[in-house]
Amino acid sequence: MPSKQEILDLQFIEARHKLLDLAAFLDRIDRHPGDDDYRIGALRKALPILLAGRPDRTRAILEALSDPTTEPIPQAAFQGAFGAPPRLTAHNGAQRHGGAD
Amino acid sequence: MRYIEPHAHMVSRTTDDYEKLALAGCEAVCEPAFWAGFDRSSADGFYDYFRQLTEHEPKRAAKYGIKHFSWLCINPKEADDPVFAREVMGLIPEFLQCPTVLGIGEIGLNKNTRNELAIFEEHVQLALDHDLPILMHTPHLEDKLKGTRLMLASLANFSQLDRSKVIIDHVEEHTVPLVLDAGYWAGMTLYPDSKCSLDRAIDILEIYGPERLWLNSACDWGVADPLAVPRCALRMKQRRHTAADIERVVYQNPRDFLAQSPGFVA
Ligand SMILES: [Zn+2]
């Protein structure tokens, strides 16, 4: 198994790049006109998990971005998925995701 | 390096992709039935799709020395109308006689509706009636965790189900322990901006070990990389996984699971 130093050598620049991209995304949302929606709220709520001293941050972020309900729904209001649990109904204009796979 | 691509939608890919897979060492590709990117207007559309999967696609693959196998079902995205879904399911038994059909898949949930769940359970019963393995799709993004839990609860009601003959695909960090702890196989899908990245999939392998796990590209008509599995193998090498460890995940594990289908030949 590689050491911490070896993982840093292999991936630090990539992680730094992703962190800057995330920061720039948040700046961009602030800078642009109009209202944001529940997705940015969900992202902001998940961000502190990055700094939590726990070994399962990825799992915790995925859980934070998951639909917390437990019962099957009578009918789908829309197809596709948005990446964060909608508050009640899908927000207008949210870009759905979900290919074939 | 030899490997098996256990989940790819080759009907949506070009002949160039078959050549790339062959150059990368792909020996067999397995294609689950799924959504075409648009809803088909009749059961006849599925009949033709099943013919494409069982007759046409194996010939395309064979030109590059790759074996092609398929899984059949009506996908969850088009299964929310139970009458239509049952009409399509009625076509499946005829195709189960084809030598390259592996089992029932990819079945599962999409938006976690009651109708999707009912049709999922009827597919499970169809697989049990024919003693065939099952390949399961789990929902996208925010729907995945709920859908995985619903399907695991549902499967627990099938007392005669052999869990070693079921693979639950598209797992991520929040669903992989639920699947493995219950005794099922788990598939990790390597996508550019959803599901697992190469490094996250390798993290999961390091944390849980290679038992009952496989990697796939699930390449289709959307944003996907048909070479994701060999790319992940290279990343494993960079992260000091041995050649034997890599071969286990990209070749032996899929071979061992798929060998439970009478039609599979490595
Ligand atoms: Zn698929």
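The analysis underlying the following values was restricted to heavy atoms, covering all of them including side chains, and did not include hydrogens, waters or symmetry mates. Quick note on labels: first sequence line is chain A, next is B, and so on, each numbered from 1.
Using a 4.5 Å cut-off on side-chain heavy atoms (C-beta onward), A/Pro72 and B/Thr113 make no contact. A/Thr70 is not listed as a side-chain neighbour of B/Lys146, based on a closest heavy-atom distance of 4.5 Å or more.
Interface residue A/Leu62: backbone and side-chain heavy atoms are both found under 4.5 Å from chain B. At a 4.5 Å heavy-atom cutoff, the contact between A/Ala84 and chain B is made by backbone atoms alone. Contacts of A/Glu6 with chain B are made by side-chain atoms alone, with heavy-atom separations under 4.5 Å and no backbone atom involved. For a residue to count as touching a neighbouring chain, one of its non-hydrogen atoms must lie under 4.5 Å from one of that chain's; by this rule B/His241 does not touch chain A. For B/Pro139, no part sits under 4.5 Å from any heavy atom of chain A, backbone or side chain. No part of B/Arg149 comes within reach of chain A, as not one of its non-hydrogen atoms sits under 4.5 angstrom from that chain. With a 4.5 angstrom heavy-atom cutoff, B/Asn115 does not touch chain A via any of its atoms.
Between chain B and the residues A/Gln75, A/Gln11, A/Glu63, the most heavy-atom pairs under 4.5 angstrom are made by A/Gln11. Heavy-atom pairs under 4.5 Å with chain B peak, among A/Ala76, A/Pro68, A/Pro74, at A/Pro74. With chain A as partner, the option from B/Asp199, B/Val176, B/Asp203 having the largest number of non-hydrogen pairs under 4.5 angstrom is B/Asp199. No other option in B/Lys111, B/Arg239, B/Arg200 has as many heavy-atom pairs under 4.5 Å with chain A as B/Lys111.
Within a 6.0 Å sphere centred on CZ of B/Arg51, heavy atoms belonging to other residues, nucleotides or ligands number 12 at most. The number of heavy-atom neighbours closer than 6.0 Å to NE2 of A/His17, taken from other residues, nucleotides and ligands shown, is 12 or below. Within 6.0 Å of the CZ atom in A/Arg31, the count of heavy atoms belonging to other residues, nucleotides or ligands exceeds 12.
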Item to check | Chi angles and distances behind the side chain to side chain contact (heavy atoms under 4.5 Å, CB included) call for A/Met1, B/Arg240 | outcome: CA-CA 6 Å; A/Met1 187 181 240; B/Arg240 298 252 205 97; over 6 Å; no
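Nearest heavy atoms, A/Ser66 versus B/His174: OG-CD2, 3.6 Å.
Expressed to the nearest 0.5 Å, how far CG of B/Asn112 lies from CD of A/Glu71 amounts to 11.0 Å. Atom NZ of A/Lys18 is separated from atom OG of B/Ser197 by 6.0 Å, given to the nearest 0.5 angstrom. Considering OH of A/Tyr38 and CD of B/Glu142, their distance stands at 6.0 Å, rounded to 0.5 Å. For the atom pair CG (B/Asp143) and CD1 (A/Ile73), the distance works out to 7.5 Å, reported to the nearest 0.5 Å. Rounding to the nearest 0.5 angstrom, the gap separating the CD atom in B/Glu172 from the CD1 atom in A/Ile61 is 12.0 Å.
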